[in-house]
Amino acid sequence: MTRGASVPHCRQPSSWSYSSAVSVCSCPPATRPESRHKSLTRFVQHSRRGRLIGWTKGGVNSKLHTVADDLGRPLRMFLTAGQRSDYIGARALLEGLPPAKHMLADRGYDANWYREALENTGITPCIAARKGRKVPFPHDEVRYRKRQKIENNFAQLKDWCRVATRYGKSPKVFLSACTLAALVMFWL
């Protein structure tokens with residue numbers, strides 16, 4: 001079907017884009033206009049099944065939350081969709097934290113409940129305050145700079161083509177690839 005052709009029972013926007021075709025068209029599938037981006041349509045249809053891929057500012061993405069030791073070697077990993085908050089990963093990884101003196105985390109993990117939970121387990125949080133906080137929490141800037149080790153290790157993980165491009169559609173396969181890459185790079 002061409003771009004300007006009329007479709008019965010369907011309101012058409014002036015120009016077709018993916019978001020307008022999904023939100024405006026409520027006709028039966030037989031009369032629905034064909035999408036110019038079929039792979040994108042299939043992607044969104046399958047993403048509802050739990051592939052843990054979501055839209056972010058940079059495009060389609062996933063988030064890998066990691067607990068690492070003092071050398072930056074990953075100990076535990078958790079995968080969420082790209083649009084999900086960092087609090088979900090923080091809550092999932094909070095239960096099995098290894099004994100530690102300090103927790104270094106970026107601004108996305110700055111929440112009162114997370115700070116309290118860390119302090120209850122005897123871990124001192126070293127988390128930069130979010131920019132929107134009215135009263136920012138102080139943090140040790142010298143210690144916070146050591147978070148660079150973890151960021152560098154994420155960059156090393158992305159050297160593996162399978163991790164950088166996420167060939168595996170299943171979250172289990174992708175997390176397994178990340179775990180295998182981390183195991184080979186940092187533990188063997």
Side-chain angles (χ1 to χ4, degrees), residues 13 15-25 35-69 72-97 103-111 113-115 117-118 125-133 144-187:
S15 65
W16 284 107
S17 68
Y18 178 71
S19 60
S20 62
V22 169
S23 62
V24 174
C25 185
S35 173
R36 297 177 74 194
H37 305 285
K38 290 183 180 182
S39 61
L40 185 62
T41 305
R42 284 190 197 112
F43 165 76
V44 171
Q45 288 172 351
H46 292 292
S47 66
R48 293 184 193 129
R49 296 183 192 161
R51 288 189 179 173
L52 299 178
I53 301 173
W55 291 98
T56 60
K57 291 179 184 178
V60 180
N61 209 346
S62 295
K63 285 185 185 177
L64 184 65
H65 306 271
T66 304
V67 174
D69 63 1
R73 299 177 299 185
L75 301 174
R76 293 184 63 210
M77 294 181 176
F78 184 72
L79 188 68
T80 59
Q83 79 273 12
R84 296 286 177 209
S85 171
D86 288 340
Y87 299 148
I88 295 171
R91 190 171 309 240
L93 293 173
L94 187 62
E95 293 298 320
L97 287 177
M103 168 65 86
L104 305 177
D106 66 3
R107 294 175 193 262
Y109 295 94
D110 180 31
W113 66 266
Y114 190 60
R115 288 178 181 273
L118 289 174
C126 184
I127 304 171
R130 285 176 287 149
K131 293 181 180 179
R133 264 199 191 270
Y144 188 71
R145 287 188 194 132
K146 293 180 181 177
R147 201 173 60 84
Q148 174 191 3
K149 291 180 186 177
I150 300 166
E151 297 296 334
N152 290 343
N153 290 343
F154 274 115
Q156 288 177 353
L157 273 177
K158 290 182 181 179
D159 285 343
W160 283 51
C161 188
R162 189 164 192 88
V163 173
T165 56
R166 189 172 174 169
Y167 288 132
K169 295 179 181 179
S170 166
K172 290 179 182 178
V173 172
F174 179 66
L175 191 58
S176 298
C178 292
T179 306
L180 181 64
L183 181 70
V184 169
M185 286 193 302
F186 304 117
W187 291 101

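Note that this is a predicted model, so its numbers are computed, not measured.
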How close do [X] and [Y] get, heavy atom to heavy atom, and via which atoms?
| X | Y | result |
| --- | --- | --- |
| Leu157 | Cys178 | CD2-O, 3.8 Å |
| Leu52 | Pro171 | CD1-CB, 3.6 Å |
| Ala182 | Pro74 | CB-CG, 3.7 Å |
| Arg73 | Asn153 | N-ND2, 4.0 Å |
| Arg130 | Arg107 | CG-O, 3.4 Å |

First locate atom [atom1] of [X], then atom [atom2] of [Y], and finally report the distance between them rounded to the nearest 0.5 Å.
| X | Y | atom1 | atom2 | value |
| --- | --- | --- | --- | --- |
| Cys126 | Leu118 | SG | CG | 11.0 Å |
| Ile127 | Tyr144 | CD1 | OH | 8.5 Å |
| Asp69 | Lys149 | CG | NZ | 9.0 Å |
| Thr179 | Trp187 | OG1 | CH2 | 13.0 Å |
| Arg147 | Asn152 | CZ | CG | 10.5 Å |

### Query
Are any side-chain N or O atoms of Thr66 and backbone N or O atoms of Ala68, one a donor and one an acceptor, separated by less than 3.5 Å?
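Checked: no pair found.
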### Message
Would Arg166 and Phe174 count as a cation-pi pair here, with the cationic atom under 6.0 angstrom from the ring centre and within 45° of the axis?
### Response
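Verdict for Phe174: a cation-pi partner in Arg166.
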Validation row: [X], [Y] side chains within 4.5 angstrom (heavy atoms):
| X | Y | result |
| --- | --- | --- |
| Leu64 | Val163 | no |
| Pro125 | Tyr114 | no |
| Leu97 | Val67 | yes |
| Arg162 | Val173 | yes |

Show which side-chain atoms of residues 83-90 pair as donor or acceptor with protein atoms under 3.5 Å away, not counting sequence neighbours.
from, atom 1, to, atom 2, distance (Å)
Ser85, OG, Tyr87, N, 3.2
Asp86, OD1, Lys63, NZ, 3.2
Tyr87, OH, Asp110, O, 3.0

### Message
Can you confirm whether more than 12 heavy atoms, excluding those of Glu151, are under 6.0 Å from its CD atom?
### Response
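Yes.
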### Task
With sequence neighbours excluded, tell me which residues meet side-chain hydrogen bond (donor to acceptor under 3.5 Å, both in side chains) with Thr80.
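Partners of Thr80 under the side-chain hydrogen bond (donor to acceptor under 3.5 Å, both in side chains) test: His65.
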